[in-house]
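Below is one structure; the comments refer to it alone.
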Amino acid sequence: MTLWTAVLVASIVCVALKTLGYLVPPRWLEAPRPARIADLLTVALLAALVAVQTLGAGQAIVVDARIPAVLVAAGLLMMRAPFLVVVIAAAGVAALLRLWGFAA
């Protein structure tokens, strides 16, 4: 199977799943349980993405300047700091740690 065949098959599957989503009766989606599952699933997927992007490098787990930067960002977000401040502070922490050679 070539790469383009895999891309086309994956695209067709995605369109088919989206089409099936339109066929689900609205009353099923308005029920409390599916709404709650959708909310929690969104948070879980976002948390998994952050974890993979923070700790992953290919197939290995890497502990470097990204971990303290994410911790600083999480702390600032808990204190309700503006998003731009959070991003700049986290980038600054990662840059300084890499500059000082603590987490390359």
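These values consider heavy atoms only, across backbone and side chains, with no hydrogens, waters or symmetry-generated copies.
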Contacts satisfying salt bridge (Lys or Arg N to Asp or Glu O under 4.0 Å) that involve residues 66-76 (not counting sequence neighbours) are D64-R66
Show me the donor-acceptor pairs, under 3.5 Å and distance only, between side chains in residues 47-62 and residues at least two apart or in other chains.
{"from": "T54", "atom 1": "OG1", "to": "V50", "atom 2": "O", "distance (Å)": "2.7"}

| task | Would you mind reporting whether L45 and L41 have side-chain heavy atoms less than 4.5 Å apart? | result | yes
- request: Say whether L3 and L8 are linked into one hydrophobic cluster, either directly or through other cluster members, by side-chain heavy-atom distances under 4.5 angstrom.
  value: no
| said: If hydrophobic clusters are built from ILVMFWY residues whose side chains come within less than 4.5 Å, do V86 and M78 share one? | reply: no
Residues at least two apart in sequence or cross-chain that pass side-chain contact (heavy atoms from CB on, under 4.5 Å) with V24, listed by chain then number, are W28, L29
For V87, the hydrophobic cluster (side chain heavy atoms closer than 4.5 Å, chained through members) also holds F83
Excluding I88, membership of its hydrophobic cluster (Ile, Leu, Val, Met, Phe, Trp, Tyr; side-chain heavy atoms within less than 4.5 Å) reads L84
Taking every heavy atom of A94 against every heavy atom of A69, the minimum-distance pair comes out as CB-CB, 4.0 Å
Residues passing the side-chain contact (heavy atoms from CB on, under 4.5 Å) test with A89, sequence neighbours excluded, are V72, L76
